[in-house]
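A quick write-up on the structure given underneath.
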Amino acid sequence: MSTLSPRAGAPRAARRRAAAVGGASVPGPRPVRVALLGCGTVGGGLLTVLERNRADIERKVGRPIDIAHVVVRDAGKPRGPAVPAHLVTTRADQALADPGVDVVVEAMGGTGAALEYILRALRAGKTVVTANKDVMADHGREVWAAAEAGGADVYFEAAVGGGIPIVRALKESLAGNSVRRVAGILNGTTNYMLTRMTRDGSSLEAALAEAQAAGYAEADPSADVDGLDAARKLCILSSIAYSVRCRMADVHVEGIRGVSAADVAYARRMGWTVKLLAISELRDGRVTMRVHPTLVPVAHPLAAVSDAFNAVYVQGDAIGDAMFYGSGAGALPTASAILGDLMDAVRRHGTGVRQTECTCFYRRPFDGIGAVPSRFYVRLLVPDRVGVLAKIAGVFGRSGVSILSVLQGPTLAAPEGPGERSGAAGPVADLIIVTHEVREDRLQRAIAGLRHLEAVAGISAVLRLAPEDL
Ligand code: NAP
Ligand code: HSE
């Protein structure tokens with residue numbers, strides 16, 4: 001069986017294999033053999049960095065790393081120079097059944113074949129390193145059960161935040177904390193789009209076209225734009241942070257399709273920037289998880305996270321506030337995360353010492369968005385005439401929502417959004433009401449009341465402000 005082996009410049013550990021002492025060959029440590037499933041952006045990046053830094057990598061782990069199989073869908077596709085053509089195969093079954101394979105790196109994506117291969121490898125006792133957030137968020141229970149059954153380890157640093165080492169930080173470095181909140185910019189595509197809208201005043205449509213041209217957004221960008229990608233990553237981080245199994249069904253998800261250039265401009269004028277935040281909190285033993293556009297004060301470190309960068313803000317009882325920032329996607333940053341996992345797996349291989357196992361040992365109740373307190377930004381389109389403000393204030397008052405500030409100006413935008421009602425005769429204005437902190441269900445009662453008010457021509461936007469103690 002041919003493999004991609006250490007080259008002449010390889011480290012001592014590898015060279016020792018061939019060394020001779022007193023005429024007898026001294027066996028060096030056995031190479032760890034890896035099957036790579038998927039060789040696209042991420043898999044190709046892994047091979048590139050492994051080849052570039054092989055000498056140091058193997059020196060650090062003390063043994064050679066041999067790529068034994070590179071499994072793809074189309075073996076005829078041209079691949080980069082780092083991809084050993086003789087190892088490329090479509091025969092996943094053969095790679096998985098190879099008894100010499102110690103570690104399976106899954107970089108295929110999706111929850112079909114990828115999940116099946118991950119489960120099969122783990123049950124067979126092979127360590128799995130994966131970049132697959134869909135599998136980890138939607139099938140975590142099965143994955144951990146298979147790892148338990150096979151006595152194998154599963155690593156998934158690359159599934160969240162690309163190159164940012166946040167999974168290991170939460171699992172190990174911050175494990176002694178009681179974490180009360182995780183708040184992140186976990187999707188590079190939407191952050192890039194919101195950055196364009198903020199800096200250039202682009203519309204959402206123009207920003208999406210730019211993100212696609214820059215290679216960030218997929219042809220079908222819905223998982224990014226609708227917040228699902230960020231929600232899956234939030235599930236994974238929250239499971240670790242609060243030691244509880246988190247499901248997508250427990251995340252309130254709103255993407256950025258409802259964010260308009262007018263709201264980005266108003267927010268800027270009022271000292272905020274719009275970010276798609278993924279926020280989870282543990283409060284009185286109860287967990288909430290949500291992804292939605294959020295107004296973040298411009299002075300907050302998360303407001304400075306621009307373009308396709310990601311950041312995760314962790315608040316714990318011992319660490320206080322900590323922010324992790326970096327490239328959330330891309331071939332080499334994601335390869336960096338996979339390599340960190342792979343190297344840990346190689347170091348542990350054969351020692352019988354497993355890495356931190358699943359720590360979802362609590363059953364905690366989850367609350368829906370209705371129970372979450374926030375400050376709100378509400379933009380209304382109103383007839384510009386006497387008595388309108390008083391009527392609107394009355395609706396807020398009767399719903400138990402306290403108003404923090406009011407801003408009125410000539411409208412920046414045509415009415416938008418699903419809550420619009422048209423038909424206002426005469427001049428109209430944008431009325432922006434910012435509320436004090438209030439439970440979401442109360443705010444929604446006020447919004448329902450406004451829909452029936454003749455003094456409101458349209459509800460243009462309802463956005464949440466970042467928590468005051470973030
Ligand atoms: P990609 O470029 O589309 O590559 C997918 C690879 O998997 C291709 O080599 C493809 O083969 C192979 N493949 C797909 N289905 C297969 C099957 N049924 N059998 C065998 N091979 C199969 O995807 P990617 O961007 O590298 O993403 C891979 C994973 O990493 C996903 O889970 C993704 O969410 C995650 N991730 C990606 C990034 C990123 O920046 N791209 C960042 C973090 C995490 P062919 O080459 O023959 O088509
Ligand atoms: N589509 C993701 C993003 C990258 O835009 O951040 C893969 O996790």
Side-chain angles (χ1 to χ4, degrees), residues 35-48 69-80 83 85 87-96 104-118 120 128-139 156-164 166-167 184-195 208 211-212 214-234 236 255-256 276 278 291 305 307-312 326-338 341:
L36 173 61
L37 310 184
C39 190
T41 305
V42 172
L46 172 69
L47 293 178
T48 301
H69 308 267
V70 178
V71 177
V72 296
R73 203 168 20 198
D74 174 4
K77 209 185 248 185
R79 311 210 178 248
V83 182
L87 300 180
V88 173
T89 174
T90 55
R91 302 173 73 172
D93 287 342
Q94 206 170 63
L96 288 164
V104 171
V105 175
E106 186 276 313
M108 286 167 42
T111 53
L115 173 63
E116 186 201 321
Y117 297 162
I118 288 172
R120 218 193 288 173
V128 167
V129 177
T130 179
N132 196 322
K133 63 196 157 265
D134 301 345
V135 162
M136 293 311 296
D138 297 343
H139 300 276
F156 51 95
E157 182 67 71
V160 184
I164 303 173
I166 182 61
V167 168
I185 294 172
L186 296 178
N187 184 264
T189 303
T190 45
N191 202 47
Y192 179 87
M193 291 169 62
L194 291 171
T195 303
L208 176 57
Q212 281 168 328
Y216 295 121
E218 310 273 330
D220 173 7
S222 30
D224 294 320
V225 175
D226 294 328
L228 296 169
D229 176 79
R232 292 204 166 89
K233 293 167 180 169
L234 183 68
I236 295 171
I256 64 166
L276 183 69
V291 174
V305 177
D307 299 312
F309 283 96
N310 282 197
V312 186
S327 296
L332 301 194
T334 310
S336 161
I338 293 188
D341 281 352

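Numbering of ligands and ligand atoms starts at 1, following listing order. By convention here, the first residue in the shown sequence is residue 1. Everything quoted here is computed from the prediction, not taken from an experiment.
- Contacts between Asp229 and ligand 2, counted as non-hydrogen atom pairs separated by less than 4.0 Å, involve the side chain only.
- Here's the thing with Gly38: none of its N/O atoms is less than 3.5 angstrom from an N/O atom of ligand 1.
- Remark: ligand 2 and Lys233 share an N or O pair separated by less than 3.5 Å (distance only, no angle test).
- When only non-hydrogen protein atoms are considered, atom 46 (O) of ligand 1 lies nearest to Arg79 NH1, 2.8 Å.
- Taking only non-hydrogen atoms, the option from Ala331, Gly162, Ala131 nearest to atom 35 (C) of ligand 1 is Ala131.
- Nearest protein neighbour of atom 3 (C) of ligand 2, counting heavy atoms only, is Asn187 ND2, 3.3 Å.
- No side-chain donor-acceptor contact under 3.5 Å links Glu157 to the backbone of Ala337.
- Close approach to Lys133 involves these atoms of ligand 2, each under 4.0 Å from a residue heavy atom: 7 (C), 8 (O).
- For atom 16 (C) of ligand 1, the closest heavy atom belonging to the protein is Met108 CE, 3.6 Å.
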Pair Thr90, Arg73 - check side chain to side chain contact (heavy atoms under 4.5 Å, CB included), show working. CA-CA 6 Å; Thr90 55; Arg73 203 168 20 198; over 6 Å; no

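- Cys39 pairs in a side-chain contact (heavy atoms from CB on, under 4.5 Å) with only one of the listed residues (Leu47, Leu87, Val88), which is Leu47.
- Remark: ligand 1 atoms within the under-4.0 Å shell around heavy atoms of Ala329 are 40 (O).
- At distances below 3.5 Å, at least one donor-acceptor pair connects side-chain atoms of Thr48 with backbone N or O atoms of Gly44.
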Going through the checks in order, is the side chain to side chain contact (heavy atoms under 4.5 Å, CB included) test met by Asp134 and Arg232? CA-CA 7 Å; Asp134 301 345; Arg232 292 204 166 89; 3.2 Å; yes

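- Under the 4.0 angstrom criterion, atom 3 (O) of ligand 1 counts as lacking any protein heavy-atom contact.
- Every atom of ligand 2 is numbered from 1 in the order shown, and the set under 4.0 Å from a heavy atom of Gly188 is 3 (C), 5 (O), 6 (O).
- Asp224 OD1, 2.9 Å is the protein heavy atom nearest to atom 1 (N) of ligand 2.
- The single protein non-hydrogen atom nearest to atom 45 (P) of ligand 1 is Lys77 NZ, 3.4 Å, given as residue, atom name and distance.
- Across Asn310, Leu186, Val312, a single residue satisfies side-chain contact (heavy atoms from CB on, under 4.5 Å) together with Ile166, and that is Val312.
- Looking at Arg73, Glu116, Lys133 and measuring to atom 22 (C) of ligand 1, the nearest heavy atom belongs to Arg73.
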Would Arg79 and Val72 count as a side chain to side chain contact (heavy atoms under 4.5 Å, CB included) here? Give the steps. CA-CA 11 Å; Arg79 311 210 178 248; Val72 296; 3.4 Å; yes

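- Here is the list of ligand 1 atoms found below 4.0 Å of a heavy atom in Asp74: 47 (O).
- The backbone N or O of Ala331 sits nowhere less than 3.5 Å from a side-chain atom of Thr334 that would complete a donor-acceptor pair.
- Not a single donor-acceptor pair under 3.5 Å links the side chain of Gln212 to the backbone N or O of Gly215.
- Put simply, no part of Glu106 is less than 4.0 Å from ligand 1, judged by heavy atoms.
- Judged purely by distance below 3.5 Å, without hydrogens or angles, the side chains of Asn132 and Thr130 never pair a donor atom with an acceptor atom.
- In terms of protein heavy atoms, atom 40 (O) of ligand 1 is closest to Gly330 N, 2.7 Å.
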Apply the test side chain to side chain contact (heavy atoms under 4.5 Å, CB included) to residues His69 and Leu36: give CA-CA distance (whole Å), side-chain angles for both, the deciding distance (0.1 Å), then the verdict. CA-CA 6 Å; His69 308 267; Leu36 173 61; over 6 Å; no

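- If you check which protein heavy atom lies closest to atom 26 (O) of ligand 1, you get Val42 N, 2.8 Å.
- The shortest N/O to N/O separation between Ala113 and ligand 1 does not fall below 3.5 Å.
- For Tyr117, no nitrogen or oxygen atom sits less than 3.5 Å from a nitrogen or oxygen atom of ligand 1, counting backbone and side chain alike.
- The heavy atom nearest to atom 31 (C) of ligand 1, out of those in Ala223, Ala158, Gly109, Ala335, is found in Gly109.
- Taking a 4.0 Å cut-off on heavy atoms, Ala107 registers as neighbouring ligand 1.
- Taking any N or O of Cys39, backbone or side chain, at least one lies under 3.5 Å from an N or O belonging to ligand 1.
- Looking at Thr334 against ligand 1, only its side chain comes within 4.0 Å, counting heavy atoms.
- Each of the following atoms of ligand 2 lies closer than 4.0 Å to a heavy atom of Ala329: 4 (C).
- With a heavy-atom cut-off of 4.0 Å, Thr189 touches ligand 2 through backbone and side chain alike.
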